[in-house]
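Chain letters run A, B, ... following the sequence lines, proteins first, then strands; residues in each count from 1. Computed from a predicted model, the values in this text were never measured in an experiment.
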Protein chains: 2
Amino acid sequence: MADVMAPERGVGALTAAGADDAPGREPPYDLIELLFFAYRDFVRDVDEALAAYGFGRAHHRVLHFVDRNPGLTVTDLLDILKITKQSLGRVLRELVDQGFIVQREGASDRRQRRLYVTTRGDELALELARLQSARIGRAIELAGPEAGDAARRFLYAMVDRDERGKVEKLTALGRPRGGGA
Amino acid sequence: MADVMAPERGVGALTAAGADDAPGREPPYDLIELLFFAYRDFVRDVDEALAAYGFGRAHHRVLHFVDRNPGLTVTDLLDILKITKQSLGRVLRELVDQGFIVQREGASDRRQRRLYVTTRGDELALELARLQSARIGRAIELAGPEAGDAARRFLYAMVDRDERGKVEKLTALGRPRGGGA
DNA sequence: TGGATAAGTCAATATGGCTGACGTAATGGC
DNA sequence: GCCATTACGTCAGCCATATTGACTTATCCA
């Protein structure tokens, strides 16, 4: 690639390390950029695989969380994804229409449509998870297992404070080992 | 309308779909999900701030990389963002039209339009970087500085193998100081 | 019984991507 | 000097994902 010039600016703006959000402190550009690049490549894997099914990234997110949390309600899903009901609508409908997800009336609250993956849905979810798994496995191999653990703590701390409780309950973090069934 | 409830099909497969077994072990669902949640919140901050300027996430990415790498060419940018020329086109035009970025003819290759931020562009880039910086600062405070360092190594290792060289040259990693090491 | 909640839907719109096709100017190898 | 290639820009159309706002239906619950 073409050689990129070094920045001419910002270098003078630093202060000593130690304070976090002091006004003149240089932002952690390395982490900011690595988050972008890591995420960019992390999702590209899956996007390609999804294309074969005529699905997009949004379908994956829904499928994933339903797969991992059987019986999730639509409201739960909206809160996880932080999107609107209307946005979810199309994606969910397509997943249901094509037999990847089923909806069942809530046992105690019949207004709810609890969501479950079908066998097919579980298979697809697993296929996609394995792609992501492979990349993560390679990364941990390269960066060391402690880096994986630390990344877990760092990423968790990157989540909005008032979302952390939900995240913990919802994710594998909240599950001791093995998880499902 | 609400008669979309699916029949019994697939319900038998709800719980114990053959997950944890076949080829290898259980995917690292914790990291998979934390990447999603962390990124979700990481970009939400900035998205809100950008709305005030009538810009979107795409504008931010362009502004950021030009700010950090003055003299970047359009081709460089396309390779960083992994989008098409046409997609970049509109976003870049808006940033130029509104005085956040300027284009200058390349000195040695006059076909190039080298990109630079204006003072205004630099200010906006910095404002946005500080938002991200604040979140990262809080995260490191919570997870510990070693977690930040490890996260840096982990995220770097998450990048496509054949992209890592470029990423290193391009980002703060390739520059002395900062997260250097 | 009536207000609140869960879900679904219609319609319009924005944004950020994509492919394909073309055009122009400059470079660089021969 | 010629010509293929490169760098950039742009027109046109399309798709996926998201938004706001308004409305309906069914159900729950105080």
inquiry  = Is it true that, when you exclude A:K169 itself, more than 12 heavy atoms of the residues, nucleotides or ligands shown sit nearer than 6.0 Å to its NZ?
reply    = no
query = Distance check: side-chain N/O of A:T75 vs OP1/OP2 of C:dA7, anything under 4.0 Å?
reply = yes
task = Check the side chains of B:E127 and B:Y53 for a donor-acceptor pair under 3.5 angstrom, ignoring hydrogens and angles.
result = yes
message = Using a strict heavy-atom distance below 4.0 Å, which residues from residues 104-111 of chain B are in contact with DNA chain C?
response = B:S108, B:D109, B:R110, B:R111
message = Using a heavy-atom cut-off of 4.0 Å across all strands, would you classify A:E94 as base, sugar-phosphate, or nothing?
response = nothing
message = Once you measure the plane-to-plane angle for A:H64 and A:H60, does it fall in the parallel (<30°), tilted (30-60°) or perpendicular (>60°) bin?
response = perpendicular
message = If you assign each of B:L92 and A:G54 to its closest nucleotide in DNA chain D, which residue comes earlier from the 5' end?
response = B:L92
N/O (side chain, A:R93) to phosphate O (OP1/OP2, C:dT9) under 4.0 Å = yes
message = Quick check on contacts: within residues 80-90 of chain A, what sits under 4.0 Å from DNA chain C by heavy-atom distance?
response = A:K85, A:Q86
Any A:Q103 side-chain N or O less than 4.0 Å from OP1/OP2 of C:dG8 = yes
task = Return no unless some side-chain N or O of A:H59 is found under 4.0 Å from OP1 or OP2 of D:dT17.
result = yes
request  = Decide whether B:T119 and B:D122 meet the rule of one side-chain donor and one side-chain acceptor closer than 3.5 Å.
outcome  = no
request  = Would you kindly say whether A:Y156 and A:E168 are connected by a side-chain donor-acceptor distance under 3.5 Å?
outcome  = yes
ask   = Quick one: A:L78 CG to D:dT19 C1', roughly how many Å, whole number?
value = 14 Å
inquiry  = Rounded to whole Å, how long is the line connecting atom CD of A:Q112 with atom P of C:dA6?
reply    = 8 Å
